[in-house]
Amino acid sequence: MAKYQFQTEVNQLLKLIIHSMYSNKDIFLREIVSNASDALDKLKYLTVSDENFKNIIFNPRIDISFNEDKKTLTVQDCGLGMDEKDLNDNLGTIARSGTKAFIEKLSQSGTNNSDLIGQFGVGFYSAFMAASKIDVYTRKAGGDGTVWHWSSDGTNAYEIEELKPEDPSYAAYGFDKSDTYGTAIEMHLNDDSKDYASHWKIDDLIKKYSNHIAFPIYLHYTQTKYDKDGKANGTEDKIEQCNSASALWKRNKSELKKEDYNAFYKTLTHDETDPLMYIHTHAEGTQEYTTLFYVPEAAPYDMYQADYKSGVKLYVKRVFITDDDKELLPSYLRFVRGVIDSEDLPLNVSREILQQNRILENIKSQSVKKLLSEFKKLGEEADAASKKTEQTDDDKTVIAKWNTFVKNYNRPLKEGLYSDFANRDELSEIIRFKSTAGEGTGDDKWTSFADYVQRMKTDQKYIYYISGSDEKNLRESPLLEAYKNKGFEVLIAPDEVDDIVIPALAKYKDFELKSVNRAGSDDELNVNKEDLKKKEEEFKPVQEKIKKALGDRVKDVVLSKRLSDSPSCIVIDENDPSLQMERMMRAMGQGSANLVKPILEINADHAIVKKLSQADDTELKNISEVLLDQALLLSGSELQDPADFVKAMNSLLSK
């Protein structure tokens with residue numbers, strides 16, 4: 001047998017699996033059966049789409065057998081199978097770039113998150129939780145007829161050999177017949193796992209985890225026969241189907257219970273928890289299709305990775321086509337899991353054709369509208385429930401579900417405000433914000449644009465918001481002082497996408513969105529114009545000195561209309577990108593440091609600022625530097641030269 005070393009990541013993974021204790025070892029069988037189902041899906045697709053496979057007789061099934069004496073458990077499918085290259089690629093390496101993150105996460109989470117295994121696409125290796133050795137026997141459909149044997153004890157290496165016809169396993173798994181394809185995985189159970197070689201244990205696990213696998217799963221076992229006196233008088237070999245083997249999404253909704261939907265979700269996603277919500281739709285008319293979508297209770301681990309894995313499978317007439325097409329739903333809905341099954345797409349549709357297919361584009365459009373409609377409905381129900389003086393248990397459940405949804409998915413949904421013009425109005429009703437009002441302050445308190453508008457002052461023209469990188473800092477920003485004093489509510493926008501998506505939205509209904517971080521957003525503060533003009537004249541000499549002292553660090557120095565308690569703050573010119581945007585551009589290597597120059601606003605009534613009129617040049621420069629750096633820090637910005645800030649502070653404190 002040729003010997004190979006496992007890829008480094010596989011070695012790390014196996015050590016974690018073999019040498020750690022898991023809270024739910026049962027999942028290994030779910031993963032092996034799921035892989036068998038995938039192999040059947042792939043061959044089924046090829047038999048209807050590829051001329052080279054159309055002569056293959058396809059009778060899909062998964063067979064599970066066990067031997068109590070030898071402590072073995074075997075799962076066999078008649079799917080696509082593997083050749084030598086596939087064995088090396090699929091069982092010797094892990095191709096997905098998320099593997100390193102998975103290993104780190106599994107190391108940190110210890111015993112409580114073995115369910116992560118399936119979510120990261122490394123389910124085969126979970127079998128080593130229960131097996132001290134694994135043998136894989138396989139023949140690839142459409143190949144040269146060779147049967148391959150892969151074997152490993154889960155340490156540092158694995159072996160591959162071409163299986164000879166005289167080997168007992170050749171005939172044992174049916175490979176002596178030339179039309180037998182697929183894979184048999186024989187697991188030699190360790191001493192702690194010998195109870196898996198049991199009819200009742202396997203039957204229970206299949207019904208629990210794999211009942212909705214769309215292919216029949218047959219359990220082979222030997223049953224003891226008894227005479228009329230209850231004495232054993234022989235045995236009988238039996239084969240029985242232990243799963244429902246139906247496409248759940250094609251069944252009528254009236255036949256299904258919540259438990260059925262939840263069980264299918266766990267089979268589909270390998271998630272151990274129930275979904276937050278599900279949406280089942282069957283459309284008839286000019287186009288016929290079925291969709292079953294789920295929203296996970298916890299956000300997918302790769303939701304903010306560029307190479308995130310699509311969570312939606314595409315079927316045509318119940319034939320699996322792909323689960324790797326990110327065009328099935330827009331990227332801002334990448335957290336959605338589920339199935340799309342079309343009756344109108346051709347079975348031999350290719351991935352290239354999918355991207356331009358009008359039928360699929362219409363299904364996608366209608367699916368997005370349905371999802372957003374359900375999200376909006378959930379928000380409205382939660383809002384109505386939260387306003388009740390006496391809440392029922394159902395009310396509390398709806399509120400808790402909505403709060404979980406917002407915490408996990410508000411951020412990606414905001415991206416749709418920028419990228420999905422057709423659904424922008426619907427999205428603007430769904431997304432939520434924290435705010436300076438009591439209704440938007442607290443862990444589970446969020447406000448919508450609609451609620452903000454209802455609370456607006458009678459003559460208020462704009463919806464105000466403040467953006468930045470940290471909610472706590474934004475709430476304490478000096479920029480809010482005058483707005484609070486005037487009774488204007490301000491939305492808190494701490495997500496990094498807010499500086500892109502909110503300006504893209506620009507308006508909510510008839511109300512323009514105004515950032516208090518920008519110059520010109522203080523029009524409604526109703527400052528007495530005569531008093532302001534007088535102050536500006538008095539302040540002008542000091543203003544010019546501060547501007548000269550700060551040089552090119554600022555775009556301008558102006559008298560503030562919005563400050564009451566703080567000595568200074570910074571705002572950005574209406575035509576410049578925000579400081580948040582500048583940081584994002586630098587992080588992507590698309591901008592240089594200090595591309596955006598802030599405007600320093602000074603509170604002329606503050607004691608520190610009043611002192612500037614009598615300060616000498618050195619003291620004025622130090623105070624000016626401190627006023628600017630302090631304002632930058634409060635805005636969440638990094639100081640260009642922290643050492644200079646410390647020097648200026650020390651100089652002032654020494655006087």
Side-chain angles (χ1 to χ4, degrees), residues 37-38 40-54 58 60 80 212 214-215 246-253 256 261 264-265 267-269 277-295 308-377 412-413 415-416 419-427:
S37 175
D38 289 344
L40 290 166
D41 270 330
K42 289 172 184 175
L43 184 56
K44 184 178 181 181
Y45 173 60
L46 290 171
T47 59
V48 297
S49 65
D50 191 322
E51 290 294 333
N52 297 321
F53 289 83
K54 287 192 175 178
F58 183 62
L80 184 59
H212 299 295
F215 304 106
S246 64
L248 178 133
W249 62 88
K250 297 297 289 184
R251 291 166 60 185
N252 195 302
K253 287 190 280 187
L256 299 169
Y261 284 111
F264 178 67
Y265 168 77
T267 299
L268 182 75
T269 65
M277 61 188 296
Y278 56 84
I279 300 136
H280 191 183
T281 304
H282 181 70
E284 293 179 324
T286 54
Q287 289 178 6
E288 185 177 352
Y289 62 89
T290 301
T291 60
L292 174 55
F293 295 124
Y294 292 94
V295 176
Y308 71 89
K309 184 173 172 59
S310 170
V312 178
K313 293 176 182 279
L314 175 65
Y315 287 79
V316 174
K317 300 181 179 72
R318 292 177 295 286
V319 176
F320 172 76
I321 304 298
T322 180
D323 61 355
D324 196 29
D325 193 329
K326 295 181 180 178
E327 298 301 317
L328 295 176
L329 286 178
S331 63
Y332 69 87
L333 291 174
R334 57 189 175 272
F335 56 86
V336 174
R337 301 296 185 247
V339 169
I340 295 174
D341 192 348
S342 170
E343 296 293 323
D344 303 307
L345 283 167
L347 280 167
N348 62 347
V349 65
S350 69
R351 292 188 184 186
E352 291 75 21
I353 294 172
L354 280 177
Q355 293 174 8
Q356 296 142 13
N357 189 280
R358 289 185 180 180
I359 294 173
L360 195 60
E361 190 59 36
N362 184 59
I363 294 173
K364 175 181 176 180
S365 175
Q366 295 304 314
S367 296
V368 171
K369 290 183 184 300
K370 180 63 176 176
L371 283 164
L372 297 185
S373 172
E374 292 297 319
F375 298 162
K376 181 181 176 183
K377 180 181 174 183
L413 284 172
E415 296 171 21
S419 61
D420 189 356
F421 185 82
N423 292 295
R424 187 175 287 179
D425 289 345
E426 192 77 355
L427 280 161

* **Worked check of side chain to side chain contact (heavy atoms under 4.5 Å, CB included) between I359 and S342** => CA-CA 9 Å; I359 294 173; S342 170; 4.3 Å; yes
* By side-chain contact (heavy atoms from CB on, under 4.5 Å) - contacts of S246 (at least two apart) -> S244, R251
* **Y289: ring-ring contact (aromatic ring centres under 6.0 Å, His included) partners, not counting sequence neighbours** => none
* Asked: Is the shortest heavy-atom distance from the side chain of I363 to the side chain of I340 under 4.5 Å?
  -> yes
* Spacing of L372 atom CG and E426 atom CD [to the nearest 0.5 Å] -> 6.0 Å
* Of all residues at least two apart in sequence or in a different chain, which pass the side-chain contact (heavy atoms from CB on, under 4.5 Å) check with R318? -> A247, K250, D341, E343
* **Test side-chain contact (heavy atoms from CB on, under 4.5 Å) applied to E284 - qualifying residues, sequence neighbours left out** => H282, E288
* Between CG of L268 and CH2 of W249, what distance do you get to the nearest 0.5 Å? -> 8.5 Å
* Asked: V312 pairs by side chain to side chain contact (heavy atoms under 4.5 Å, CB included) with which of L328, T291, D325, T322?
  -> L328
* To do: Under the ring-ring contact (aromatic ring centres under 6.0 Å, His included) rule, collect the residues that match up with Y265, sequence neighbours excluded.
  => Y294
* In Å and rounded to the nearest 0.5 Å, what is the CG to CD distance from N357 to E327? -> 12.5 Å
* Start with the C-alpha gap between R334 and E415, add the side-chain angles, then the distance that decides, and say whether salt bridge (charged side-chain N to carboxylate O under 4.0 Å, His left out) holds. => CA-CA 11 Å; R334 57 189 175 272; E415 296 171 21; 2.9 Å; yes
* Any M277 side-chain heavy atom under 4.5 Å of F293 side chain -> no
* Between CZ of F375 and CG of L413, what distance do you get to the nearest 0.5 Å? -> 6.5 Å
* **For K54, side chain to side chain donor-acceptor pair (under 3.5 Å) partners two or more places apart** => E51
* **Counterpart residues, side-chain contact (heavy atoms from CB on, under 4.5 Å), relative to P330 (two or more places apart)** => Y332, L333, K364, V368
* **Residue pair F335 / V295, side-chain heavy-atom distance below 4.5 Å** => yes
* Taking all non-hydrogen atoms of both residues, which atom of F215 and which atom of S37 are closest, and how far apart? -> CE1-O, 3.6 Å
* To do: Rounded to the nearest 0.5 Å, what's the gap from OG1 on T286 to CG on N362? Could you check?
  => 6.5 Å
* Structure fact -> K313 meets the salt bridge (Lys or Arg N to Asp or Glu O under 4.0 Å) criterion, sequence neighbours left out, with D323
* Side chain proximity check, V339 to F320, heavy atoms < 4.5 angstrom -> no
* Structure fact -> The salt bridge (Lys or Arg N to Asp or Glu O under 4.0 Å) partners of K253 (sequence neighbours excluded) come to none
* Applying side chain to side chain contact (heavy atoms under 4.5 Å, CB included), run through I321 and Y315 and close with a yes or a no. => CA-CA 5 Å; I321 304 298; Y315 287 79; 5.6 Å; no
* Taking all atoms of both residues into account, what is the closest heavy-atom pair of L40 and F58, and its distance? -> O-CZ, 3.5 Å
* To do: Keeping the roles fixed (side chain from S373, backbone from K369), state whether a donor-acceptor pair exists under 3.5 Å.
  => no
* **Residues in side chain to side chain donor-acceptor pair (under 3.5 Å) contact with D425, at least two apart in sequence or another chain** => none
* Listed partners of K326 passing salt bridge (Lys or Arg N to Asp or Glu O under 4.0 Å), at least two apart -> none
* **side chain to side chain donor-acceptor pair (under 3.5 Å) against Y261, all qualifying residues, sequence neighbours excluded** => H280
* Asked: Atom CG in L345, atom CD in Q287: separation rounded to 0.5 Å?
  -> 8.5 Å
* Going by heavy atoms in the side chains, are L371 and L329 under 4.5 Å from each other? -> yes
* Just by distance, do the side chain of S49 and the backbone of Y45 share a donor-acceptor pair under 3.5 Å? -> yes
